[in-house]
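Here the structure is laid out as structure tokens; the discussion comes afterwards.
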Amino acid sequence: MEVRDLHEWPSGAAAAEAVQDRLRPLLELDVPGPAEPRAVAGLDVSYAGDGRGDRLAAAVVVLDGTTLDVVEESVVVGTAAFPYVPGLFAFRELPALLDALRGLRTSPDLLVCDGFGVAHPRRFGLACHLGVLTGLPCVGVGKTAFVGTYAPPGPRRGDTSPLVDGGEVVGRVLRTQDGVKPVFVSVGHRTDLDTACRNVLALSPRYRLPETTRRADRLSRDALAS
DNA sequence: GCGACAG
DNA sequence: ATCTTGTCGC
């Protein structure tokens, strides 16, 4: 798919925060998300060595939204573009992820990425950044809490509880399987939270994490090994 | 001031 | 994120 080039790149934390503040107004959060996406893309990145190095592999796996069969894959080996700083995580993986997206023949109807969307200190996590740059609906699925407080959701698959930060609901804690640790869902771009959670649940028929994320994780890991 | 902090 | 042994459960 066509992905526009990254123009300016922040040289430090202050500049990176400024980029987030400048792009945030471009978010489209008051629109219904894709209820039945035909193609859903999962994105993930793996690192070589102990994680302190900068060699990485970014993968995108597109699944049929109904059957969850793999439709297309794209993976690139690259370099971490920024040090890991909580709140600026996107700058680390964004260039490589955009490269992987460029390797796709078709444009997905929904992007599912690791990390958060608006459940972020400045309301502009990786899912927001990726959404704005691609123009595609995007949802963030985090494995651990970052910002906000919440009550544990019920014990059954599908149970949820609101993730609240600064007095506003920034996401939802979603139990994707009976009795397993919940995941943290937040909207990134062009989707509402209800639809985002429905999509994530539909993508997680068997395991805690969405099939999109699991497939992309495996693909990126394999790419580093070879 | 200090610690915690998506991946 | 990644490095790791054993262990519990289906």
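Labels below follow one simple rule: chain letters A, B, ... track the order of the sequence lines, proteins then strands, and each chain is numbered from 1. The basis for the numbers below is simple: all heavy atoms, side chains too, and nothing from hydrogens, waters or symmetry mates.
Following rounding to the nearest Å, A/Asp44 (CG) and B/dA6 (P) show an atom-to-atom distance of 15 Å. Atom pair A/Lys143:NZ and C/dT2:C1' shows a separation of 13 Å (rounding to whole Å applied). Rounding to whole angstrom units, OH of residue A/Tyr207 and P of C/dC10 are separated by 15 Å. A/Tyr150 has its OH atom 12 Å from the P atom of B/dA6, to the nearest Å. Atoms CZ (A/Phe146) and C1' (B/dA6) sit 5 Å apart, rounded to a whole Å. Note: CG (A/Leu209) to C1' (B/dA6) measures 13 Å, nearest angstrom. Between the C1' atom of B/dG7 and the OH atom of A/Tyr84 lies a distance of 6 Å, rounded to the nearest Å. Put simply, CG on A/Leu94 is 18 Å from P on B/dA6, counting in whole angstrom units.
A/Thr144 has no side-chain polar atom (N or O) that falls below the 4.0 Å cut-off from OP1 or OP2 of B/dC5. OP1 and OP2 of B/dA6 both lie 4.0 Å or more from every side-chain N or O belonging to A/Arg92. Taking side-chain N and O atoms only, A/Tyr47 has no distance below 4.0 Å to OP1 or OP2 of B/dG7.
At a threshold of 4.0 angstrom between heavy atoms, the contacts of A/Leu43 with the nucleic acid are absent. Among the heavy atoms of the strands, none lies under 4.0 Å from A/Leu56. Nucleic acid contact class of A/Ala145 (heavy atoms, under 4.0 Å, all strands): sugar-phosphate only. At a threshold of 4.0 angstrom between heavy atoms, the contacts of A/Gly125 include nucleobase atoms, whether or not backbone atoms are also involved. If you check every strand for non-hydrogen atoms under 4.0 Å, A/Arg55 touches nothing. If you check every strand for non-hydrogen atoms under 4.0 Å, A/Gly87 touches a base.
Remark: ring of A/Phe184 not stacked against base of B/dA6; the cut-offs of centroid gap under 5.5 Å and plane tilt under 30° are not jointly satisfied.
Between A/His120 and A/Phe146, the ring planes lie perpendicular to each other; the angle is over 60°, past the 30° to 60° tilted range.
The neighbour count for A/Arg122 CZ, taken as heavy atoms of other residues, nucleotides or ligands under 6.0 Å away, is above 12.
For the atom pair CD (A/Glu17) and CZ (A/Phe124), the distance works out to 13.0 Å, reported to the nearest 0.5 Å. Between the CG atom of A/Asn199 and the CG atom of A/Asp194 there is a distance of 11.0 Å, given to the nearest 0.5 Å.
Under the 4.5 Å side-chain criterion, counting only non-hydrogen atoms from C-beta, A/Leu201 is in contact with A/Arg157.
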